[in-house]
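Accompanying notes for the structure given below.
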Amino acid sequence: MSRGFPGESPDFPEITSENFEHSLSSDQSFVEFFNDFLLLPVFSVAVRYDGMSAGFELLDHTAVCLSHRIRTALMEIRSRAVCEPSWSPAEPLRDNSYSVTRLDREQTIQWLKRDRLPFFLRSDCYFEFRLTKGLSQLSGARSSPADDQCCLLSARPLGRFSEEMDSSFTCLNPSRSEPDDCSSAHGRSRSSFLEFKRSLVGGPGENILHLWMDIERLKTLSAKTKSRYLGWMKGQYVVSSSAAALGEQLLCRLGLNSATCWREERLRELQPCLSEILLLYWGQRFRLIVSGQGSCERGLSSSVCADTDPQTVCSCSDMRAELDSTEIQTLLEALHTESRSGFFFTHFCQNSGQQLWENAVYFCSELLQYHQLFCQSRFDPYRAQRTAQLLYASYLSSGAQMSVGLSEEDRRAVLLRLSPPFEDLFDRAEDHALSVLLEPWTLLSERLRDAPHTVAQWQEVRYAEAELFQTLQTLYTHTQSRQQQQHRTPAEGSRAPGIWDKVPQEFRAVRLDSLLRNRMELQHFLSFLEENSASLELQCWLDVEQLKKSDGALLEERNTSIKDKYFSSNFLFGAGSPATEEQQMRLLQMCGGQQCLQRDSVSLSVLSELQSLLHSRLETRWLPLFLSSSQFIRRQQQKKVTDVEREQQPVIRQRRRRHVWRQASGGLMSSSQESVALRRALLNPVTCLQFQKFLSVRDDLLENDLLFWLEVQRYKDLCHSRCDDVALQRKVSIIISCFISSCVPPALQIHVPPEAAQRVMSQQRALGPYVFRETQACVFDELLKHWPDFVALRSAVGEEELQRVLDRETRSRRPTEEPDDSCSQQEEEDEAHVVADEEQNCGTDGTRAATYKDLIF
């Protein structure tokens with residue numbers, strides 16, 4: 001398939017140590033994928049190939065940070081200099097130089113051939129590179145009826161296969177086959193390959209791509225792990241409940257419909273067929289949509305734009321390791337990207353001679369696959385149970401062949417919770433495995449940090465964003481000139497000393513810009529100016545602001561209107577002018593004189609200067625008078641009372657809720673590292689109570705989210721006790737009645753989509769012990785949005801002061817609250833129950849408050 005014509009076999013490139021250097025110099029696509037490999041977190045020192053200089057350098061984020069600072073500063077000065085003429089940057093950016101560490105080319109190439117290239121050839125980066133090259137060969141093919149005669153499977157023509165694929169997947173969304181950027185649609189770079197991957201998301205082509213990648217990975221695994229990986233592949237692609245399951249018709253044609261067919265030799269034989277399906281059908285389809293339609297109007301939906309591979313990134317891994325350690329953070333990232341690094345860290349553990357290290361890295365790898373089961377939209381309880389039992393028997397049981405050395409207490413804790421298994425079943429074992437792996441990880445990191453020092457190095461000075469930086473310096477100079485001019489013409493406010501003294505202390509921080517963003521108060525301010533015969537000053541400023549947002553004929557029309565209305569003796573050049581004689585003369589000179597003003601349009605620079613003048617006058621003379629008026633003060637006092645009353649109305653709180661649900665890899669759990677710390681904190685009674693108080697100040701529904709999460713955790717514990725089904729169902733009903741279908745408005749008391757809540761109520765018996773799997777993940781994501789703010793507050797005030805700060809904030813809110821209705825007392829009792837830390841065993845008497853008193857734990 002060297003040119004994508006029908007009937008030819010895919011022609012994938014082979015990178016070797018002999019053609020490695022030539023590929024670096026001549027193949028930009030290879031450079032992109034190889035750099036992506038070199039920058040993975042497993043490598044302590046990041047090295048990259050710079051195509052511009054044809055050499056190697058150590059990655060330094062200084063250039064990226066400096067570029068961001070320049071662009072941010074430029075955006076800020078452009079937006080604020082016009083609206084706030086008195087504004088100036090506190091610390092102007094005056095230097096855009098930075099240095100990079102360059103590496104000797106020949107020495108680096110030899111080092112990479114020896115220590116990096118062998119792993120790159122076993123990595124996902126290399127497999128994706130080869131597919132990218134195959135896609136690029138399609139760019140020379142033309143669409144014709146002959147394409148449909150291409151042989152794909154057992155001499156079956158592409159046309160018939162295409163028709164059958166289309167008829168089998170009539171529900172396929174057409175938007176899934178459209179890239180969101182037509183500029184790189186021909187598969188010549190990593191970005192275009194990512195677009196191709198995105199075009200497959202949600203359709204059968206995605207599963208074929210994953211199978212192709214899994215076969216490539218299978219070739220690189222050791223004999224010790226191949227059989228287990230084959231078993232996992234069968235579960236992925238054969239079991240109908242799996243999100244990656246292949247269709248029965250396709251499995252039959254591939255000869256993979258029986259368990260005995262899933263052998264490495266058979267999969268190797270089928271891989272060329274999979275390559276042809278991917279390239280000659282899905283790749284051709286992707287190319288034809290881009291080149292034939294030539295339209296990017298319909299992009300990918302937000303739900304399919306994630307650049308993640310379910311094989312390498314688990315979106316719901318809830319490792320309980322402490323994240324205060326940078327080493328642990330990097331270790332977690334490396335474990336999630338092992339297949340992209342060619343199993344670099346796994347190889348190190350295998351060759352260390354330490355069996356415990358090797359077992360621990362295998363356990364963590366398979367644990368990622370276990371976590372994936374809880375991320376899939378089609379959850380399979382049977383498969384989760386079988387996978388959990390296999391993990392326990394292989395790594396944790398007393399006679400495990402690949403034991404990770406878990407303590408007897410932790411092993412028994414896992415065994416007691418083995419049925420039914422939940423996503424946090426192996427948390428203790430995972431903590432232990434990470435602590436075991438921290439030693440080899442630290443050793444490997446030290447070795448990798450020393451490796452580049454064997455190569456000759458030197459420093460080179462470069463300059464970031466040269467053109468933008470020069471523009472920024474010019475704007476700095478212009479801003480300084482304007483400020484100096486303003487100092488030479490003092491504001492009118494300076495001739496009215498003590499005018500701000502009449503403004504109440506709480507309003508002295510208010511400035512004109514904040515008032516302009518408040519539509520209600522802006523209208524009041526305009527009315528105030530009308531009463532004082534000064535409304536034209538604000539109206540002129542607003543009209544110029546509207547002109548700046550106009551173009552074409554509307555721009556000319558508004559320019560003429562402003563000139564006629566304000567550049568006349570009735571306003572700017574009259575007896576009641578807001579400008580001094582000197583300022584009037586300056587504006588007239590900027591217009592080119594009276595004749596030019598009458599003949600031509602007013603330039604934007606003149607209008608900006610007029611805006612600056614008006615802004616200063618409004619803020620120094622009229623604003624303090626407005627802020628000290630009795631009408632303004634009375635409105636602010638009323639607003640405080642209204643805000644308190646609004647917080648007491650559950651219906652209004654319901655309308656303010658935000659339904660932002662993050663979906664990745666078919667599941668509803670967060671992949672951020674903050675989730676690790678949060679889930680650990682929620683199981684800590686002290687931290688959990690502090691976080692609960694923090695949330696209660698922000699929103700009652702957020703507090704309910706936390707209480708719901710805790711109750712679901714207690715329900716999970718109850719599932720592992722000796723309670724009968726009646727007690728379990730009663731617990732489910734109580735949770736639903738308190739949080740999902742409450743008698744207190746609103747009925748839905750937590751942040752979950754209404755459709756998810758409906759599924760809980762309608763399918764609670766069918767879902768069994770996993771009835772709250774989706775809703776718990778939703779509220780956890782909502783809690784996660786507020787966790788960083790809590791951590792920042794705790795770091796700022798300290799652990800001892802935190803409790804006093806939260807109590808003070810709670811008291812400042814609670815005194816103004818009154819019970820909403822007769823159910824408030826019961827709500828408080830419910831909350832008191834839910835935050836209780838102890839959970840009584842099944843069969844013992846418990847003193848539960850309110851709605852929980854009828855359930856015997």
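In this text the structure is predicted, and so the values were computed from the model without any measurement.
- Two rings, from Phe193 and Phe129, have their centers 6.0 Å or more apart.
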- request: Begin with the C-alpha distance, continue with both residues' side-chain angles, and end with the deciding distance and a verdict on side chain to side chain contact (heavy atoms under 4.5 Å, CB included) for Gln284 and Leu279.
  value: CA-CA 6 Å; Gln284 198 78 297; Leu279 298 178; over 6 Å; no
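- Side-chain contact between Val42 and Trp441 is present, with at least one heavy-atom pair separated by less than 4.5 Å.
- By the neighbour-count criterion of 12 heavy atoms within 6.0 Å, atom CD of Glu265 is densely surrounded, having more than that number from other residues, nucleotides or ligands.
- At a threshold of 4.5 Å between non-hydrogen side-chain atoms, the residues Leu468 and Ser67 do not count as touching.
- Between Arg198 and Glu195, none of the side-chain N atoms (NZ, or NE/NH1/NH2) sits under 4.0 Å from a carboxylate O, so this pair counts as no salt bridge.
- In this pair, Phe34 and Phe120 present their aromatic rings perpendicular. The plane angle is above 60°, beyond the 30 to 60° band.
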- request: Go through the steps for Phe33 and Asp27 under the test side chain to side chain contact (heavy atoms under 4.5 Å, CB included), then give the verdict.
  value: CA-CA 10 Å; Phe33 281 96; Asp27 194 336; over 6 Å; no
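- Checking Tyr126 against Arg122 by side-chain atom types alone, no donor-acceptor pair falls below 3.5 Å.
- In the model, Tyr362 has a side-chain atom that pairs as donor or acceptor with a side-chain atom of Glu358 under 3.5 Å.
- Between Tyr49 and Thr108, every side-chain heavy-atom pair lies at or beyond the 4.5 Å cut-off.
- Counting only heavy atoms from C-beta outward, the side chains of Arg190 and Thr132 never approach each other to under 4.5 Å.
- Side-chain contact between Gln350 and Ser222 is present, with heavy atoms from C-beta onward closer than 4.5 Å.
- Residue Phe37 comes nearest to Arg340 through the heavy atom pair CD1-O, 3.4 Å, listed as atom of the first residue, atom of the second, then distance.
- Side-chain atoms of Thr442 come within 3.5 Å of backbone N or O of Leu438 as a donor-acceptor pair.
- Between Leu274 and Leu211 there is a side-chain heavy-atom pair separated by less than 4.5 Å.
- Judged by distance alone, the side chains of Gln271 and Glu216 do bring a donor and an acceptor atom under 3.5 Å apart.
- For the salt bridge (Lys or Arg N to Asp or Glu O under 4.0 Å) condition, the pairs that include at least one residue of residues 102-116, sequence neighbours left out, are Glu21-Arg105, Arg102-Glu460.
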